[in-house]
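See below for the structure under consideration.
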There are 2 protein chains.
Amino acid sequence: MTSDQTTEQRILEAAKAVFFEKGLNGARMQEIADKAGINKALVHYYFRSKDKLFSAIFEEVSSRVFGRFIAIFRSQDTLEHKIRTFCSAYIDEGISSPYLLSFLFNEINRNPRVIFQQLKGKTNPFMLLRDELTAEIEKGSIRAVNPVNLLLNILSLCAFPIIAKPLLLNAFHIGEQGYLDLMAERKKEVADIIIQYINK
Amino acid sequence: MTSDQTTEQRILEAAKAVFFEKGLNGARMQEIADKAGINKALVHYYFRSKDKLFSAIFEEVSSRVFGRFIAIFRSQDTLEHKIRTFCSAYIDEGISSPYLLSFLFNEINRNPRVIFQQLKGKTNPFMLLRDELTAEIEKGSIRAVNPVNLLLNILSLCAFPIIAKPLLLNAFHIGEQGYLDLMAERKKEVADIIIQYINK
DNA sequence: GTCTATATCGGGATAGAC
DNA sequence: GTCTATCCCGATATAGAC
């Protein structure tokens, strides 16, 4: 909301907030304009259509998210250290941007073809991570598990509690602080589970 | 589509399919009517409004899903057996109704207050499961872990791969069969991970 | 109960002044 | 670049005949 940004940046920021909360179909151009402190017509002036604005957002968000979690697995640390770092970073990220993951998954489910068309040509982080894990297994540093399943386990344990936050808050009657405590505990616990599972 | 159902049943069935695929905001009354083989006005005749139709669907689906997974934990089997049965049943359920979980989580995230208002008064399956696990811990049958986190781990490992199905298909370039194979493998693997983690 | 026709409105998009 | 006014379509919902 600091108004020393360009109008375009203000629109992007506002649009991100609204799309995250309401999704593509639920979002209103009027609400985005209001939040950016400008007129509805101006949003169209900058981004032509709602779909194009959405694509711009999705593009930025997805590449940032996917890019983030590649870096960690590329380091020269031990696999155990990589996994611990990854879990901790992933959960922290999810806490500070609670809507982001829900948004990503929902839009991917809603419209996989369009989304993956847009992602075409970009480097595929999942393939990279799978290959990193495969290499570790060949190196003999861990048990010979299915690397896809291993990656999927890590992602599941980290991502699900972020996506399911509203459910957890309501179903367990825990407040915001209770949720944060739970997540803090999980950073270590999740890594422990994975490590224990892949140890020979 | 068997037309020996009542009109109301046909509408509910059609609406379920459309809401699952498109979500509340994306669904169109016209599409629901078409799929039910009737007229748009007739949908309103039976359910007054789109919101009321949606509530009817959500009500039915959520109570069925939540109800399902309580039963397993109430049996007199060993905890290990309960967990294995649960994982297997949960994943099977997710395979046969791929949209269901995404739908539930998306709508809960979109509108937690309304949803949980609607669920008020119903028995809370999460509290029940948490209490079952707490009892097991006190009985000494497993390590003293945080029961909420334990439950969350089970749910994460089972639910996430269902929700993320379109992502997995595209990101790993596996086909429908590859996905099924992966899930089959996971039924045992997920339970193994949990069992190993809670063993003293 | 089921249909056709229509009212009504919200929201994306554009025209055009400044 | 930014605004106001307006177009126009699509979608929910209702009226009313059968």
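Numbered from 1 within each chain, the chains take letters A, B, ... in sequence-line order.
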Please classify the nucleic acid contact of A/Ala27 as base, sugar-phosphate, or nothing, using heavy-atom distances under 4.0 Å.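 If one applies the 4.0 Å heavy-atom cut-off, A/Ala27 turns out to touch the sugar-phosphate alone, with no base involved.
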Base, sugar-phosphate alone, or nothing: which one does B/Tyr46 contact when heavy atoms must sit under 4.0 Å apart?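 Counting heavy atoms under 4.0 Å across all strands, the contact made by B/Tyr46 is with sugar-phosphate only.
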With a 4.0 Å limit, can you tell me whether [X] has a side-chain N or O closer than that to the phosphate oxygens OP1/OP2 of [N]?
X       : N      : value
A/Arg28 : C/dG12 : yes
B/Thr7  : C/dT2  : yes
A/His44 : C/dA13 : yes

Return the value, rounded to whole Å, for the distance between atom [atom1] of [X] and atom [atom2] of [N].
X       : N      : atom1 : atom2 : value
B/Ile38 : C/dC3  : CD1   : C1'   : 11 Å
A/Gln30 : D/dT6  : CD    : C1'   : 14 Å
A/Arg10 : D/dT2  : CZ    : C1'   : 11 Å
B/Lys22 : D/dT12 : NZ    : C1'   : 17 Å
B/Tyr45 : D/dT14 : OH    : P     : 14 Å
A/Ile32 : C/dA13 : CD1   : C1'   : 14 Å
B/Asn25 : C/dG10 : CG    : C1'   : 13 Å
B/Lys40 : C/dT6  : NZ    : P     : 13 Å

From C/dG12, D/dT4, D/dA15, nucleotide with atom closest to A/Asn39 side chain: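 Looking only at side-chain atoms, A/Asn39 lies closest to D/dT4.
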Report the nucleotide, chosen from C/dT14, C/dT4, C/dG1, that has the shortest atom-to-atom distance to any side-chain atom of B/Leu42.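 Of all the options, the side chain of B/Leu42 is nearest to C/dG1.
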Pairwise side-chain contact, B/Phe54 with B/Glu107, heavy-atom cut-off 4.5 Å (strictly under):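 SC-SC contact between B/Phe54 and B/Glu107 confirmed.
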I'd like to know if the side chain of B/Asn199 pairs up with that of B/Glu80 as donor and acceptor (distance under 3.5 Å, no hydrogens or angles considered).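 There is no such pair between these side chains.
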Examine the base of C/dG11 for any acceptor or donor lying under 3.5 Å from a partner atom in the side chain of A/Lys50, and report the outcome as yes or no.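 No, no donor-acceptor pair under 3.5 Å.
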Could you check whether A/Lys187 pairs with A/Asp92 (Lys NZ or Arg NE/NH1/NH2 to Asp/Glu carboxylate O, under 4.0 Å)?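 Counted as a salt bridge, because a side-chain N and a carboxylate O are separated by less than 4.0 Å.
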May I ask you to decide whether B/Lys122 forms a salt bridge with B/Glu59, counting only side-chain N to carboxylate O separations under 4.0 Å?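 Salt bridge flag = yes for B/Glu59 with B/Lys122.
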Show your reasoning for whether side-chain contact (heavy atoms from CB on, under 4.5 Å) applies to B/Lys22 and A/Asn25. CA-CA 9 Å; B/Lys22 309 279 175 74; A/Asn25 288 319; 5.9 Å; no
